[in-house]
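Reading through the structure tokens given below for one structure.
For this chain, numbers begin at 1 and follow the sequence in order. Both ligands and their constituent atoms are indexed starting at 1 by order of listing. Everything numeric here is computed off the predicted structure, so don't read it as measured data.
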Amino acid sequence: MPGYSTPAIVLRKTDFGDYDLIITLFTLKEGKITAIAKSAKKSTKRFGGILELFSALDVVYGTGLRKGLPVLQEAILKHPFPSIRSSMLKTAYASYWAELINDWMENGQVEARLYQLFHHVLKELDAGRVPEAALSILFQMRFITIAGLAPNLTQCSVCRVEVEKIKGARVEFNLEKGGIICGGCASGTLAKNFLSKGTLKQLLWLEKGDLTTAVRVKFVSGALREGLEFLEAFVPYHLGKSPRSLKFLRQIRNESFP
Ligand SMILES: [Zn+2]
């Protein structure tokens, strides 16, 4: 039986019969895979109860002789990220990120950069040094860039005039056009979304540089709210999905900060 050994993060898990679990893993070396963990439900001895959502593991799995799901053979817990699971708000953010990844990735699509990003934001979410909202902005900006769908935040998406030359402190954003839009190119009828120029700058800073530095970008509170609103509309729109976990996240967030 050919075996694979790789770091992995648990994206999803579902019961399969009385004994087994089906788990979707984002692996570093083999991309996204869905595997069966036999007896994981029935006996905690089998995997020691470590197959929890968002846990970082080292796994070994085999593809078996016949067709069907790969079979998880071994799992070692590397980072359990316990404070994520003990907080509703943190769980809601992590669930949203995991759903975006799961929706976008095809089985076997290897995405090492996205893996590092996901691992990094989970680690910071667990550590609690950075506001959850800032981590979510960082994750979504970099995720959508890796997916090749980055928003155009530097020039009008229609006539290409630079953002500095667009009048006013706030710039209109057009979801359909995939970026900002100047006053001359904007049409008057649709519901409008605006981003302040300060928020635009902060979003652009987050796109580049190493993750450790990016995590330290300090947001003014208005920029956090604007950035979140914008990305939570932009990312699902351009992926063509409406993540169920986003509804849950918004509900929890409203309850936490009424
Ligand atoms: Zn224009």
Side-chain angles (χ1 to χ4, degrees), residues 93 96-97 99-101 103-106 109 111 113-114 117-118 120-121 130-211 213-247 249-250 253-254 257:
Y93 273 109
Y96 173 54
W97 304 337
E99 188 172 352
L100 291 179
I101 291 172
D103 277 351
W104 176 66
M105 283 182 82
E106 304 287 342
Q109 178 186 346
E111 293 289 346
R113 237 178 359 134
L114 182 57
L117 172 66
F118 190 39
H120 189 83
V121 290
V130 181
E132 292 89 355
L135 289 174
S136 198
I137 290 175
L138 172 68
F139 175 80
Q140 290 177 92
M141 272 307 280
R142 294 204 174 202
F143 164 70
I144 203 68
T145 304
I146 290 169
L149 300 164
N152 170 16
L153 303 178
T154 56
Q155 49 183 207
C156 172
S157 306
V158 180
C159 72
R160 304 287 159 194
V161 66
E162 299 292 322
V163 65
E164 292 82 17
K165 295 190 179 130
I166 300 177
K167 281 197 190 103
R170 286 150 60 77
V171 182
E172 186 174 344
F173 186 86
N174 188 302
L175 270 188
E176 232 175 9
K177 300 260 194 291
I180 56 169
I181 196 165
C182 75
C185 295
S187 68
T189 47
L190 294 164
K192 291 178 189 270
N193 303 293
F194 287 92
L195 284 169
S196 70
K197 284 181 177 167
T199 303
L200 282 176
K201 259 194 203 127
Q202 294 203 291
L203 292 175
L204 287 167
W205 283 337
L206 285 184
E207 239 184 347
K208 299 178 198 86
D210 71 82
L211 281 168
T213 320
V215 144
R216 286 194 227 114
V217 169
K218 293 264 185 297
F219 281 88
V220 294
S221 68
L224 269 186
R225 190 181 32 76
E226 259 189 11
L228 270 188
E229 261 172 34
F230 156 64
L231 285 164
E232 289 173 3
F234 183 87
V235 173
Y237 180 89
H238 285 277
L239 287 184
K241 310 270 181 185
S242 31
R244 277 185 301 166
S245 52
L246 181 55
K247 244 189 196 167
L249 169 60
R250 285 185 169 148
R253 201 163 54 203
N254 289 341
F257 308 101

Give the ring-plane orientation class for Y93 versus W97, where under 30° counts as parallel, over 60° as perpendicular and anything between as tilted.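 Y93 and W97: tilted rings.
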
Are any non-hydrogen side-chain atoms of L138 and L211 less than 4.5 angstrom apart?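 In short, these two side chains touch, coming nearer than 4.5 Å.
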
Are side-chain heavy atoms of Y96 and F139 found at a separation under 4.5 Å?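 Result no, sub-4.5 Å side-chain heavy-atom pair not found.
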
Within residues 222-242 or reaching into it, pairs that qualify as salt bridge (charged side-chain N to carboxylate O under 4.0 Å, His left out) - sequence neighbours excluded: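 Of all non-adjacent pairs touching residues 222-242, those that pass salt bridge (charged side-chain N to carboxylate O under 4.0 Å, His left out) are R170-E226, E232-R250, E232-R253.
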
With sequence neighbours excluded, residues passing side-chain hydrogen bond (donor to acceptor under 3.5 Å, both in side chains) with E99: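 Result, side-chain hydrogen bond (donor to acceptor under 3.5 Å, both in side chains) vs E99: S245.
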
With sequence neighbours excluded, tell me which residues meet side-chain hydrogen bond (donor to acceptor under 3.5 Å, both in side chains) with R160.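 Counting only residues at least two positions away or on another chain, R160 forms a side-chain hydrogen bond (donor to acceptor under 3.5 Å, both in side chains) with Q155.
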
Let's test this: below 2.8 Å, count the protein N/O/S atoms around the Zn ion (ligand 1).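 Excluding waters, the total comes to 4.
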
